[in-house]
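Predicted model, so just to flag it, every value in this text is computed and none were measured. Chain A is the first sequence line, chain B the second, and so forth, proteins listed ahead of strands; every chain is numbered from 1.
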Amino acid sequence: MTTAAAPAKPKRERFSPTAFEQKWRDAWDAAKLYKFDPHPDPPKPKWYAVTMYPYPSGDLHIGHWYAMAPPDAAARYRRMRGYNVFFPMGFDAFGLPAENAAIKRGAHPYTWTMANIENMRRQMRSMGTMFDWDQEVITCQPEYYKWNQWFFLQFLKAGLAYRAEASVWWCPSCQTVLANEQVVDGRCERCETEVYRRELEQWFFNIVRYAEELLNYDGLDWPERVKTMQRNWIGRSEGARVTFKTEAGDAIEVFTTRPDTLWGATFMVLAPEHPLVEKLTTPEQRSAVSDYQAHTRRQSEIERLSTDIEKEKTGVFTGGYAINPVNNERIPVWIADYVLMTYGTGAIMAVPAHDERDWAFAHKFGLPIVPVIEPASGDLYDPDGNLRFHHDYGTMINSGELTGTPGDVAVSKTIEWLQARGIGTGEVTYRLRDWGVSRQRYWGTPIPIIYCDDHGAVPVPEEDLPVLLPLDAEFKPTGESPLKYNEEFLNAPCPICGKPGQRESDTMDTFVDSSWYQYRYLSPHDDELPVDPDLASLWLPVDQYTGGIEHATMHLMYTRFFTKAMRDIGLLSFGEPFTRLFNQGIILGEDNEKMSKSRGNVIDPDDLVERLGADTVRLFLMFLGPWDQGGPWNSQGIAGIQRFLERANTVISETAGNATAAVDDDATRQLRRITHQVIRDATEDIDGFQFNTMIAELMEFVNDLMRLKDTPVAHTAAWREATETLALLLAPLAPHTAEEFWHILGKPFSVHQQAWPTWDPAIAAEETLDIAVQVNGKVRDRITVAADASESDVLAIAKASSKVAQWLDGKTIVREMYVPGRLVNLAVKG
RNA sequence: GGGGGGAUGGCGGAAUCGGCAGACGCGCAUGCCUUAGGAGCAUGUACCGCAAGGUGUGAGGGUUCGAGUCCCUCUUCCCCCA
């Protein structure tokens with residue numbers, strides 16, 4: 001090998017956290033660093049942080065990382081600030097996908113779910129999260145769902161749970177109920193049969209009882225956006241309930257927010273499902289009415305309520321008439337799909353002159369229009385003499401003895417008038433409906449009810465809980481619940497008389513699981529109560545909750561309801577689950593589109609972690625932009641984070657062995673200044689979840705240290721302070737790398753048990769200030785002044801500037817402005 | 001239709017209370033180092049202009065000594081509700 005060249009220079013290994021991440025995770029585990037300790041000695045203030053638990057779909061998506069890495073950083077920061085932090089994790093393990101997987105692949109939902117959990121737990125560990133897995137909650141396990149059943153029984157006792165009819169999507173071919181999202185274009189997602197609405201007996205939780213209380217957000221630090229969405233969802237409206245009568249004397253109740261327009265009610269519209277429709281319909285109209293009812297059954301509520309201009313108003317006359325109770329007018333009764341049986345009373349009085357939908361309806365079908373409110377501004381009629389539509393409040397006209405009542409009291413006066421005559425009464429209604437918790441599904445919590453021929457729906461006694469979900473289920477390709485055919489499960493004696501009875505085969509909505517999981521984390525294996533009362537009084541409510549905005553209404557409303565219900569049955573002493581709420585944005589694909597398998601723009605975290613390290617991925621996700629905004633992934637950009645960590649490593653590794661001396665000169669003062677400034681700014685940022693700017697500040701700091709590492713200042717105590725500060729500030733964000741740096745610096749394990757650094761305002765203060773000098777708002781020079789320079793000093797220096805002088809030449813200064821520490825503006829004239 | 005949130009370089013984004021627009025990062029350019037570069041280091045990088053200087057935060061108007069920031073009108077995108 002005579003031609004052998006000199007040995008190639010060893011390839012410079014790129015710094016990567018992958019080299020030591022596993023080592024430090026093992027060290028944390030061995031030291032039980034993150035073990036939940038509810039009663040620390042000495043005592044510390046508690047901090048309970050929860051981020052929404054995932055559905056165990058199989059793989060941790062980059063979106064999960066985006067949801068979990070920042071709150072993990074925030075929790076770690078709180079820990080360093082001296083709090084006893086509890087930041088647990090679990091799995092929302094019941095739900096349809098497991099059942100679908102069972103039907104498609106033959107895997108049992110339980111094994112499928114538990115295998116997925118296994119994998120996702122491994123992935124979450126690889127993120128370097130501080131979750132204590134001993135506190136984990138898995139909702140599909142009997143020790144968890146037993147308490148769903150227990151709550152159900154308590155709610156029954158408290159009158160908060162009841163059974164009633166409700167309409168659901170029904171697939172006649174699959175013989176099963178479908179969820180809204182399983183209905184595609186009015187057809188069954190599985191067999192493409194046309195589906196329709198059908199009435200079914202279902203269980204409900206009485207959330208409407210808390211409607212008023214749910215509108216109160218006192219003491220909660222929640223995003224305005226979420227509160228607004230919930231207020232809209234609850235939809236409180238004040239008005240009057242008025243009783244109309246059919247010609248045959250049957251009462252038709254309506255609710256209106258505009259009782260002042262009652263005299264303008266020229267017809268009525270009932271929901272096609274309204275019970276009085278049959279009686280009202282005349283023989284001539286019979287076939288038209290039943291055709292229309294069939295047509296309506298095929299529509300979703302969203303379609304029915306749509307007020308798109310393009311959507312033609314449809315409806316059919318029943319042939320029947322009602323009497324308007326305020327003026328005894330005989331008015332026709334119609335049916336139309338825009339009136340819903342489930343909203344209000346299922347019937348409306350139609351006032352075409354002052355309601356848009358009624359106006360459109362009346363025009364389409366040639367029904368009379370009578371104006372009864374004079375608009376505050378403008379005329380009732382346009383120049384051509386045509387009636388103008390308006391829905392303003394105004395003076396009542398054509399309204400019998402109430403004619404002339406001014407707009408500001410029209411509603412209240414009318415309600416008084418109605419009440420005095422027994423026709424109607426003031427009422428508050430809500431759009432919010434009771435929570436239907438029945439699901440005709442297998443993979444969920446069995447509802448603890450046994451039906452007995454003699455005693456009806458009988459609750460399972462508490463001591464018999466849990467009602468176990470049988471695992472020997474046989475899955476039908478139709479998706480029909482296997483519980484309906486499981487004799488062993490179904491057959492059960494009536495708890496009252498012991499005669500053969502039948503179990504409820506419906507299971508609970510999975511939102512029941514997620515309504516109280518944040519409490520179960522405290523005592524996941526407690527078999528006395530859903531949550532240990534002592535731990536509850538110590539640790540609740542949750543201080544910080546984070547998760548996606550998509551749960552603004554359903555999940556967050558249900559868990560608020562549950563908390564209030566738990567309070568009212570004596571389990572909790574408070575009524576709101578989450579003191580602070582923060583919603584992260586959505587991470588998009590590189591093409592700026594939602595990530596989805598079909599688009600092929602999904603980012604796989606495992607692959608990235610293996611190549612670049614968990615800390616790199618964590619930092620990059622937090623660096624992308626404001627956390628609440630979300631945004632597109634950018635594969636190229638991650639190199640910036642790698643370079644940053646590499647530079648930080650260079651700074652720390654190359655100088656860790658330097659001897660240190662106490663020095664006080666300009667260079668060390670300058671270094672200490674930037675050190676204390678970065679502590680100040682980074683602390684402010686992480687407090688407000690501004691991870692992106694925090695990382696930018698750390699980058700600047702590292703860039704500064706990079707320039708200084710080969711200068712004498714790198715051999716001072718100030719340098720030591722700077723490099724240790726860097727490791728500490730990095731600890732919440734990049735836990736493994738910070739631990740490695742801490743180790744390189746020769747400090748004892750662990751960086752995560754250190755106190756968050758504090759800054760001294762005196763050290764952070766600048767000695768000199770750079771002031772911009774403007775003339776008429778345009779910057780003409782920049783000057784440097786002493787930090788304590790007075791306003792007159794600064795103005796004098798500014799005016800003395802030669803660059804400024806040429807802009808002042810021949811002009812008169814009419815005004816001088818000084819913004820302390822920032823700028824001078826000289827307004828000139830002439 | 002109603003409610004909410006946006007729009008800043010080639011890109012992601014900074015900018016305290018109305019006070020130097022573009023921090024930080026990507027990308028790009030030039031140079032150094034290198035057998036090599038999808039590595040590292042240095043410098044530069046809003047736009048127009050050789051420069052002096054001018055112009056710039058979706059569009060138009062207003063308030064102000066001064067507006068990305070406040071007010072009005074509009075365009076457009078996203079989300080929620082209907």
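Spacing between B:A59 and B:A51 at atom P, rounded to whole Å, works out to 26 Å. Across the C1' atoms, B:G61 and B:C24 are found 35 Å apart, a figure rounded to whole Å. The same atom, P, is picked in B:C72 and in B:C78; the two are 25 Å apart, to the nearest Å. Comparing the P positions of B:G6 and B:A82 gives a spacing of 23 Å, expressed to the nearest Å. B:G44 and B:G25: their P atoms are spaced 13 Å apart (whole Å). For the C1' atoms, the distance from B:U8 to B:G2 is 29 Å, rounded to whole Å. Taking atom P in both B:C79 and B:C26, one finds a spacing of 31 Å when rounded to whole Å. Going from the P atom of B:C81 to that of B:C47 covers 43 Å, rounded to whole Å.
Among the nucleotides B:A15, B:G13, B:G3, the one closest to the side chain of A:T228 is B:G3. Nearest nucleotide to the A:R815 side chain, out of B:C24, B:C81, B:C65: B:C65. Across B:C24, B:G19, B:A14, the shortest atom-to-atom separation from the side chain of A:P626 is found for B:A14. Here the nucleotide nearest the side chain of A:R431, chosen from B:C65, B:C81, B:G19, is B:C81.
Separating the CG atom of A:D681 from the C1' atom of B:A14 is a distance of 13 Å, rounded to the nearest angstrom. Rounded to an integer number of Å, the gap from CG of A:N649 to P of B:C41 is 12 Å. Per the geometry, CD1 belonging to A:I586 stands 14 Å off C1' belonging to B:G6, to the nearest Å. Nucleotide B:G5 holds its C1' atom 16 Å from the NZ atom of A:K227, rounded to whole Å. Atom-to-atom, CE of A:M694 to C1' of B:A23 comes out at 16 Å; the value is rounded to the nearest Å. The distance from atom CZ of A:R231 to atom P of B:A82 is 17 Å, rounded to the nearest whole Å. Between A:L621 atom CG and B:G12 atom C1' there is a gap of 13 Å when expressed in whole angstrom units. Between A:Q690 atom CD and B:A23 atom P the separation is 18 Å, expressed in whole Å.
Listed pair A:N692 / B:A14 meets the phosphate criterion, a side-chain N or O lying under 4.0 Å from OP1 or OP2.
Both A:G777 and A:W233 lie close to RNA chain B; mapped to their nearest nucleotides by heavy-atom distance, the more 5′-ward contact belongs to A:G777. Mapping A:A696 and A:E684 onto RNA chain B by nearest heavy atom places A:E684 at the nucleotide closer to the 5' end.
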Let me have the donor-acceptor pairs involving side chains of residues 545-554 of chain A, under 3.5 Å, with sequence neighbours excluded, atom names and distances please.
{"residue": "A:Y545", "atom": "OH", "partner": "A:Y517", "partner atom": "OH", "Å": "2.7"}
{"residue": "A:Y545", "atom": "OH", "partner": "A:H555", "partner atom": "NE2", "Å": "2.8"}
{"residue": "A:T546", "atom": "OG1", "partner": "A:T51", "partner atom": "OG1", "Å": "2.8"}

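Annotation: ring pair (Phe, Tyr, Trp, His ring centres under 6.0 Å) contacts of A:Y210 (sequence neighbours excluded): A:F561. A:D358 is linked by a salt bridge (Lys or Arg N to Asp or Glu O under 4.0 Å) to nothing, counting only residues two or more places apart in sequence or in another chain. For the side-chain contact (heavy atoms from CB on, under 4.5 Å) test, residues two or more places apart in sequence or in another chain that qualify with A:M706 are A:R647, A:T650, A:V651, A:K709. The side-chain contact (heavy atoms from CB on, under 4.5 Å) check on A:A347 picks up A:I252, A:V254, A:L270, A:H274, A:T345, with sequence neighbours excluded. A search for side-chain contact (heavy atoms from CB on, under 4.5 Å) contacts involving A:T758 returns nothing, not counting sequence neighbours. When the side chain to side chain donor-acceptor pair (under 3.5 Å) test is applied to A:N692, no partner is found at least two apart in sequence or on another chain. For A:Q629, the side-chain contact (heavy atoms from CB on, under 4.5 Å) partners are A:P626, not counting sequence neighbours. Not counting sequence neighbours, the partners of A:F620 by the ring pair (Phe, Tyr, Trp, His ring centres under 6.0 Å) test are A:W633.
Using a 4.0 Å heavy-atom distance criterion, A:R225 is classed as a sugar-phosphate-only contact. Across all strands shown, A:M817 has heavy atoms under 4.0 Å from base atoms, whether or not it also approaches the sugar-phosphate. A:Q774 comes within contact range of at least one nucleobase, with a heavy-atom separation under 4.0 Å. Base contact: A:L823 has a heavy atom under 4.0 Å from a base atom.
Heavy atoms from other residues, nucleotides or ligands lying under 6.0 Å from CD of A:E610 number 12 at most.
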> Reading RNA chain B 5' to 3', how would its secondary structure be written in dot-bracket notation, given Watson-Crick and G-U pairs with both distances under 3.5 Å, brackets [ ] for crossing pairs and | for partners on other strands?
Replying inline: (((((((..(((......[....)))((((((.......))))))(((....)))..(((((..]....)))))))))))).
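Under 3.5 Å, the side chain of A:N825 and the base of B:C65 form at least one donor-acceptor pair of N or O atoms.
Ring pair A:F361/A:W334: centre-to-centre distance below 6.0 Å.
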What are the atom names and distances for every N/O pair under 3.5 Å that joins the protein to nucleotides 53-57 of chain B?
{"residue": "B:G54", "atom": "OP1", "partner": "A:R780", "partner atom": "NH2", "Å": "3.3"}
{"residue": "B:G54", "atom": "OP2", "partner": "A:R780", "partner atom": "NH1", "Å": "3.2"}

Restricting to nitrogen or oxygen on both sides, can you table the protein-nucleotides 25-31 of chain B pairs closer than 3.5 Å?
{"residue": "B:G25", "atom": "OP1", "partner": "A:N703", "partner atom": "ND2", "Å": "3.0"}
{"residue": "B:C26", "atom": "OP1", "partner": "A:R643", "partner atom": "NH1", "Å": "2.4"}
{"residue": "B:G27", "atom": "OP2", "partner": "A:R643", "partner atom": "NH1", "Å": "3.4"}

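When only modelled atom types and interatomic distance are considered, A:Y217 and A:R560 share a side-chain donor-acceptor pair under 3.5 Å.
A donor-acceptor pair under 3.5 Å is absent between the side-chain atoms of A:R580 and the main chain of A:D221, judged by distance alone.
With a glycosidic angle further than 90° from 0, B:G5 counts as anti. Classification of B:C28 as anti follows from a glycosidic angle more than 90° from 0.
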> Do A:R643 and A:E646 pass the salt bridge (Lys or Arg N to Asp or Glu O under 4.0 Å) test, and can you show the C-alpha distance, the side-chain angles, and the key distance before you say yes or no?
Replying inline: CA-CA 5 Å; A:R643 287 176 198 146; A:E646 181 147 5; over 6 Å; no
